[in-house]
Amino acid sequence: MGKIIAAFAGVGKSYVGKKYSNVLDLESTYYKWLEDGVAHLTEEERKGNKNRVLNPSWPQNYIEEILKQKENYDIVLIQLSHARLKNEKIFEYFDENNIEYYVARPNLTGWKYIEQRLRDRGNTEEFVGQVRDNFNIFIEEFSKDKYNQIIIEDGEFLEKALIDGGFLK
């Protein structure tokens, strides 16, 4: 049975998901939002787009898919939302049902690296601003002892942290 790792934007989830066949990067966009009005946009352009319509099945549809894919992969990477901790319901579900998960997060000093990565991959300025506005709140919350943490050092990526932590070989 696989491990669930919730990782912050810009740390390299997509890269790890593409490089390792035993890892799935389960992009939340397709579960959280309906395609109406944004189907023509790239995955990165959709993030932060105000024309998206919330899927009424969210977050239960995403939780169900995470649990399903956990049976098929060693690691299922999921979003670790920056926007005022909007995934609290996902984590509440995991906590209430004793489902183990890890949080992969940068250090508080890592913003400049995250910001550059978001820009380099083509995220909208609005999305970059949302991440920036919530970065400190995010790091403070996910630094708490109640979370199983994977720390991504400044200038490093998720892949190295997963290898160093024994999650990947």
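Looking only at atom types and distance, the side chain of Glu159 has a donor-acceptor partner in the side chain of Tyr20 under 3.5 Å away. Side-chain polar atoms of Glu126 and Thr124 form no donor-acceptor pair below 3.5 angstrom. Of the N and O atoms on the side chains of Asn72 and Gln69, at least one donor lies less than 3.5 Å from an acceptor on the other residue. No side-chain donor from either of Asn134 and Gln130 sits under 3.5 Å from a side-chain acceptor of the other.
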* Given salt bridge (Lys or Arg N to Asp or Glu O under 4.0 Å), test Lys146 with Glu141 step by step and report yes or no. => CA-CA 10 Å; Lys146 70 180 184 175; Glu141 172 60 27; 3.7 Å; yes
* Apply side chain to side chain contact (heavy atoms under 4.5 Å, CB included) to the pair Ile90 and Trp58, showing each step before the final yes or no. => CA-CA 10 Å; Ile90 294 171; Trp58 174 264; 4.0 Å; yes
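Annotation: side chain to side chain contact (heavy atoms under 4.5 Å, CB included) contacts of Ala104 (sequence neighbours excluded): Ile5, Ala7, Ile150, Ile152, Leu158. With sequence neighbours excluded, the residues that form a side chain to side chain contact (heavy atoms under 4.5 Å, CB included) with Lys160 are Glu156, Asp164. Asn148 meets the side chain to side chain contact (heavy atoms under 4.5 Å, CB included) test with Glu100, Tyr102; sequence neighbours excluded.
Residues Tyr31 and Asn55 fail the side-chain proximity criterion, which asks for heavy atoms closer than 4.5 Å. Within the 4.5 Å cutoff, no side-chain heavy atoms of Ile163 are placed close to those of Lys169. Residues Gln149 and Lys144 have side chains not in contact (no heavy-atom distance under 4.5 Å, counting atoms from C-beta outward).
Ring geometry for Tyr101 against Phe94 counts as tilted: the plane angle lies between 30° and 60°, on a 0 to 90° scale. Using cut-offs of 30° and 60° for the angle between ring planes, the Phe8 and Phe138 rings count as tilted.
Contact record, Asn107 with Glu153: ND2-OE1, 3.1 Å, taken as the closest heavy-atom pair. Contact between Arg121 and Ala9 at its shortest, heavy atoms only, is NH2-CB, 4.1 Å. Here the shortest heavy-atom pairing between Lys89 and Pro59 reads CB-CG, 4.1 Å. Considering all non-hydrogen atoms of both residues, Ile99 and Lys70 come closest at CG2-NZ, 4.1 Å. Contact between Phe135 and Leu108 at its shortest, heavy atoms only, is CE2-O, 3.4 Å. Pairing each heavy atom of Val128 with each of Trp111, the nearest pair is O-CH2, 3.8 Å.
Residues Phe91 and Phe142 bring their aromatic ring centres within 6.0 Å.
Between Lys68 and Glu71 there is no salt bridge, since none of the side-chain N atoms of the basic residue sits less than 4.0 Å from a carboxylate O of the acidic one.
Judged by the 6.0 Å distance and 45° axis criteria, Arg117 is positioned over the aromatic ring of Phe157.
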